[in-house]
Amino acid sequence: MVKSKSKSKSEPAQKGKANAVAGAQRYWLVKSEPSVYGWQQLLLDRRTCWDGVRNYQARNMLRSDMQCGDGVLFYHSNAVPMAIVGIAKVVRAGYPDATAFDKASPHHDPASDPLAPTWFMVDIEPLVTLSPVLVRERLMAVPELRDMLLLQRGCRLSVQPVSKPEWLAIVALAGVKVTC
DNA sequence: GCCAACGTTGGC
DNA sequence: GCCAACGTTGGC
């Protein structure tokens, strides 16, 4: 993955996806390979645009569903350890991913029309660094997280919804107070 | 490094 | 529109 970030290109999967009724979805998880863009980098940057996602399902969430103030779990994939390492929040809702129009970008997509952009991103800011981090193995042992998307075999979505019970369980495990 | 699970591509 | 081949993700 890239700064998140998935690289694949494809065709529209769904449209008119049920947009969040107010307050319906407040929590998300993003995956990133720390060698590409890790939590430490986010701390240094203080804020980043979550660009480079090239998967339609993830795009739909970035474009329409993620709202300012929503909570975001930050997960390190393809890493040692694989873990949720921090909590961030959305500080800017979906807007076009300019890297798609940039020929020099590894995420350039000539098929994306600036007048009708295909790819979107949000901005996030770090809120809390988890210490210790919540390693995957531990998460898998938590009954409340049995159905969490992240922990399902073969789940490759780099942006995922997180249910409120899952969010609460994770925040409790982490022993942090977050207001999202 | 392996490979299962996906998503995408392209021939038909 | 089917589906086999291919490429990628990402846990193990």
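Proteins come first, then strands; the chains are lettered A, B, ... in the order of their sequence lines, and each starts at number 1. On a predicted model such as this, the values are computed, not experimentally measured, just so you know.
Rounding to whole angstrom units, CG of residue A:Leu139 and C1' of C:dG11 are separated by 14 Å. Counting to the nearest Å, the P atom of C:dG11 and the CE atom of A:Met140 are 9 Å from each other. Between the CD atom of A:Gln57 and the C1' atom of C:dT9 there is a distance of 14 Å, given to the nearest Å. Following rounding to the nearest Å, A:Leu149 (CG) and B:dC6 (P) show an atom-to-atom distance of 11 Å. The distance from atom CZ of A:Arg138 to atom C1' of C:dG11 is 20 Å, rounded to the nearest whole Å. Distance CD (A:Gln160) to P (C:dT9): 15 Å, rounded to an integer number of Å. We find that CG of A:Asn78 is positioned 11 Å from P of C:dC12, with the value rounded to whole Å. To the nearest angstrom, C1' of C:dG11 lies 13 Å from CD of A:Gln152.
Distances were taken from every side-chain heavy atom of A:Lys31 (C-beta onward) to each of B:dC6, C:dC12, C:dG10; the shortest belongs to C:dG10.
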| Trace of the side chain to side chain contact (heavy atoms under 4.5 Å, CB included) decision for A:Trp28 with A:Gln160 | CA-CA 6 Å; A:Trp28 311 93; A:Gln160 317 178 351; over 6 Å; no
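OP1 or OP2 of C:dG11 sits under 4.0 Å from a side-chain N or O of A:Tyr75.
Listed for the A:Thr48 side chain is no donor-acceptor partner under 3.5 Å among the backbone atoms of A:Leu42. The backbone N or O of A:Ser64 sits less than 3.5 Å from a side-chain atom of A:Gln67, completing a donor-acceptor pair.
Between the side chain of A:Arg156 and the base of B:dA5 there is at least one donor-acceptor pair of N/O atoms closer than 3.5 Å.
No option in A:Phe74, A:Phe120, A:Tyr95, A:Trp119 other than A:Phe74 meets the ring-ring contact (aromatic ring centres under 6.0 Å, His included) test with A:Trp50.
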